[in-house]
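These notes are about the structure you will find just below.
What's counted below: heavy atoms across the whole structure, side chains too, no hydrogens, waters or symmetry copies. Naming convention: chains lettered A, B, ... in sequence-line order (proteins, then strands); numbering from 1 in each chain. Being a predicted model, the structure only gives us computed values, none of them experimental.
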Amino acid sequence: MTEAPEEKEESLFEAPPMAEQERMCEAILFATAEPITIRELAARMPHGCDPAEALVYLRKRYEGRGVQVMKIGDAWAIRTAADLGFLMQKETVETRKLSRAAIETLAIIAYHQPVTRAEIEEIRGVSVSRGTVDQLLELEWIRFGRRKMTPGRPVTFVVTQTFLDHFGLENARDLPGLKELRAAGLLENRPPPGTLPGPESEDDEESTEGQSELFED
Amino acid sequence: MTEAPEEKEESLFEAPPMAEQERMCEAILFATAEPITIRELAARMPHGCDPAEALVYLRKRYEGRGVQVMKIGDAWAIRTAADLGFLMQKETVETRKLSRAAIETLAIIAYHQPVTRAEIEEIRGVSVSRGTVDQLLELEWIRFGRRKMTPGRPVTFVVTQTFLDHFGLENARDLPGLKELRAAGLLENRPPPGTLPGPESEDDEESTEGQSELFED
Amino acid sequence: MADDTFEEDTVSVAERLAAEALIVDVDGFEGPLDLLLTLSRTQKVDLRKISVLQLAHQYLAFVEKAKQLRLELAADYLVMAAWLAFLKSRLLLPPDPTEEGPSGEELAAHLAFQLERLQAMRDAAARLMARDQLGRDFFARGQSEMVTRVRKVTYSATLLDLMQGYARIRTRDEFRPFVMDRDAVFTMEQALDRMRGLIGYAGDWTDILSYLPEGWEADPVKRRSATAATFAASLELVKEGHLDIRQSETFAPIQLRKRDEARDRST
């Protein structure tokens, strides 16, 4: 007699069908940063769900697949199948930001190519370390261009196709010019303290021209 | 007779069966949050694999499940099904609220790409502030495209793969309502009356300027 | 629009309220086109069937009202008002066949097109933002870290880094675009190097001009630079005691001779 009303109450909170509960477990296991316990799963799923049962189905579904539903301690997670670990080598690649010197050198080469080491040093105002150029060469972002027809016939640097691919450019000429940099707010930065004072040279009209000349074919 | 040695050589590089290739794609896509291109997949999988075909099977396998295999530009990724978003409050990332100007600018770039700043301003009837473009660039939702072959060779903007990924689009052509807008002629760069016909009638400098000046600030 | 079904008097009340709100809220508009678009909504018709003449009226009335209320209107609002007044006169007067330029109808059609296009982009923007979004409605993999096996360092940089780097250099000091003018400059160091190798053969007085490097004699710009550098280098060599130099009179040829120690001693 006392059981009847309880049953009725339960039906008000009817749980989603098991297939749906399985989908929910799948999505949560996929998206969480940490392995997750049954209790946490139950707390996140709608009232009346049975994540423990859903996980049994899910686990079965992933049997023999490229990833597995695994129990880690008392929590659950999706992990790569052990036999496919060799595919994950790329995940261990460590990415580091390029140094400021390298970025600046690379920018100068991109905007002024073909350009010699002496010219880079003149533009940056400091000498270019061997390591910087070597690093850019190793990344295959720059390569040696043709020699300049000036005394000493210095070697020049140009950017590579790999560079264009990495930066999503079709052509070095697509690099935005000074005016466009300013329009995009990238020239807002005031010169750092300690550098030459004086107004931000407004005669960049001229230099823009000089630069775009280099890009004309 | 001559075929025998060839066949043998081929078998040295025999690709794994398709079911196995599917597992590999599955493992690789599960392991990372970033979309992965077919090229990257091919580079990581054993010689002779055809990830494009394997992905067709994989995508089908995940139809209706809690996670989905999605195509994003020329890359692929696994994402949770959108109808289960309510389970993920914990994973939700607060995104910076975009200004109305930024949202409109983004839409114009997406629907009109490649589009120049002047064209965006023509459509919105106001100048585009620096911060707006800067913000969209920083979100990596837009990038610089190739320069337009019109006088001044202005730089253009296009949307990125990150944009497609964020809005769950397989392709920029899948933007909602794109076809209807195009059919209604609303994606045309229609010159003001009085200018020469044709979209690039820039030689009619005088009347173009005279007209558009009225709409510029 | 669903509002088409509204009663006539309801519309006029709503219109009045809207017009009042406009006056108060003039700063809230993003320029004349935005304002025109808002005004056009009071016409309660499809944007393709809008009456530009009526819209011009509304806009001009708005500007008039703003003036009465002594509201500062930005210049572009006034420019638009002037243009709309012009357009209105074109639309009202019978077309003058001798008149140059586009007809009033063409101008009106273009304005209507601009309004429709802007509205379309706003709708598109709304639909875009209403889509399921990554990190809000659907999610990427949460645990992306994997077994560490191969440790390889790659370096990354974005286009933004690159451009910011370039902007940094360009704003640091007065930027001198790199031009090829160095082609025509022969430095004193280069001249010194050259002269040191040659003076061994200069036993007798020789015209300094014969020391100019090959290929630098013809072009006047190059010749000037090479002459100056060679002269300066010669003086340096005289100072170092390797060379004698003489000039018989003003503008006469300058001559060089290797300094001979034996000869020195005899004099």
Side-chain angles (χ1 to χ4, degrees), chain A residues 19-34 36 40-41 43-46 54 58 61-62 64-68 78-91 165 167-171 173-177 179-188 212 215-216, chain B residues 19-33 36 40-41 43-46 58 61-62 64-68 78-81 83-91 117 127-138 143-147 152-158 160-161:
Chain A
E20 196 57 22
Q21 295 189 33
E22 202 192 313
R23 285 183 77 224
M24 292 176 179
C25 285
E26 188 176 32
I28 295 172
L29 287 191
F30 175 84
T32 51
E34 302 286 326
I36 190 164
E40 287 173 288
L41 273 173
R44 287 171 71 162
M45 288 161 71
L58 192 66
R61 192 185 282 275
Y62 276 96
R65 304 292 316 152
V67 293
Q68 307 278 287
I78 298 180
R79 289 284 158 89
T80 310
D83 65 316
L84 297 180
F86 71 96
L87 291 171
M88 298 307 134
Q89 290 187 343
K90 216 197 154 201
E91 295 318 304
D165 290 347
F167 291 95
L169 295 165
E170 292 189 47
N171 198 302
R173 268 174 273 154
D174 291 339
L175 279 168
K179 260 197 221 160
E180 287 146 350
L181 291 180
R182 168 163 299 153
L186 294 172
L187 281 183
E188 274 289 76
S212 66
F215 293 123
E216 234 75 83
Chain B
E20 196 58 20
Q21 295 188 32
E22 201 193 312
R23 284 184 76 223
M24 291 176 180
C25 287
E26 188 177 32
I28 294 173
L29 290 190
F30 258 92
T32 168
I36 295 190
E40 271 177 281
L41 278 169
R44 285 171 64 177
M45 288 162 70
L58 191 67
R61 185 182 290 274
Y62 278 92
R65 300 272 299 274
V67 296
Q68 307 276 288
I78 297 183
R79 302 284 181 248
T80 64
D83 67 310
L84 299 178
F86 70 97
L87 295 169
M88 311 292 167
Q89 282 103 334
K90 251 183 122 178
E91 276 70 40
R117 171 183 290 263
S127 60
V128 176
S129 82
R130 271 177 203 168
T132 304
V133 173
D134 199 20
Q135 193 182 17
L136 295 174
L137 281 170
E138 229 164 83
R143 64 175 177 83
F144 291 101
R146 59 165 57 207
R147 287 171 184 278
R153 304 202 56 209
V155 79
T156 62
F157 297 101
V158 296
T160 61
Q161 179 181 285

Donor-acceptor pair, B/Glu26 side chain versus A/Arg65 backbone, under 3.5 Å?
no

What part of A/Gln68 gets closer than 4.5 Å to chain B, counting heavy atoms only: side chain, backbone, both or neither?
neither

Which bit of B/Arg79 is near chain A, if near means a heavy-atom gap under 4.5 Å: side chain, backbone, both or neither?
backbone

Looking only at atom types and distance, does a side-chain atom of B/Arg143 sit under 3.5 Å from a main-chain N or O of B/Thr160, one as donor and one as acceptor?
no

Over all atoms of both residues, closest heavy-atom pair of B/Ala27 and A/Leu84:
CB-CD1, 3.7 Å

Can you say whether A/Ile28 sits under 4.5 Å from chain B via the side chain, the backbone, both, or neither, judging by heavy atoms?
both

Would you mind telling me which of A/Ala19, A/Gly64, A/Cys25 has the largest number of heavy-atom pairs within less than 4.5 Å of chain B?
A/Gly64

Scored by heavy-atom pairs under 4.5 Å with chain A, the best of B/Leu87, B/Leu29, B/Leu58 is B/Leu87

Please name the pair of heavy atoms, one in A/Glu22 and one in A/Ala54, separated by the smallest distance, quoted to 0.1 Å.
CG-O, 3.8 Å

With a 3.5 Å distance limit and no angle check, can you tell me whether B/Arg147 reaches the backbone of A/Leu175 through a side-chain donor-acceptor pair?
yes

Contact part of A/Gln21 toward chain B, heavy-atom cut-off under 4.5 Å: side chain, backbone, both or neither?
neither

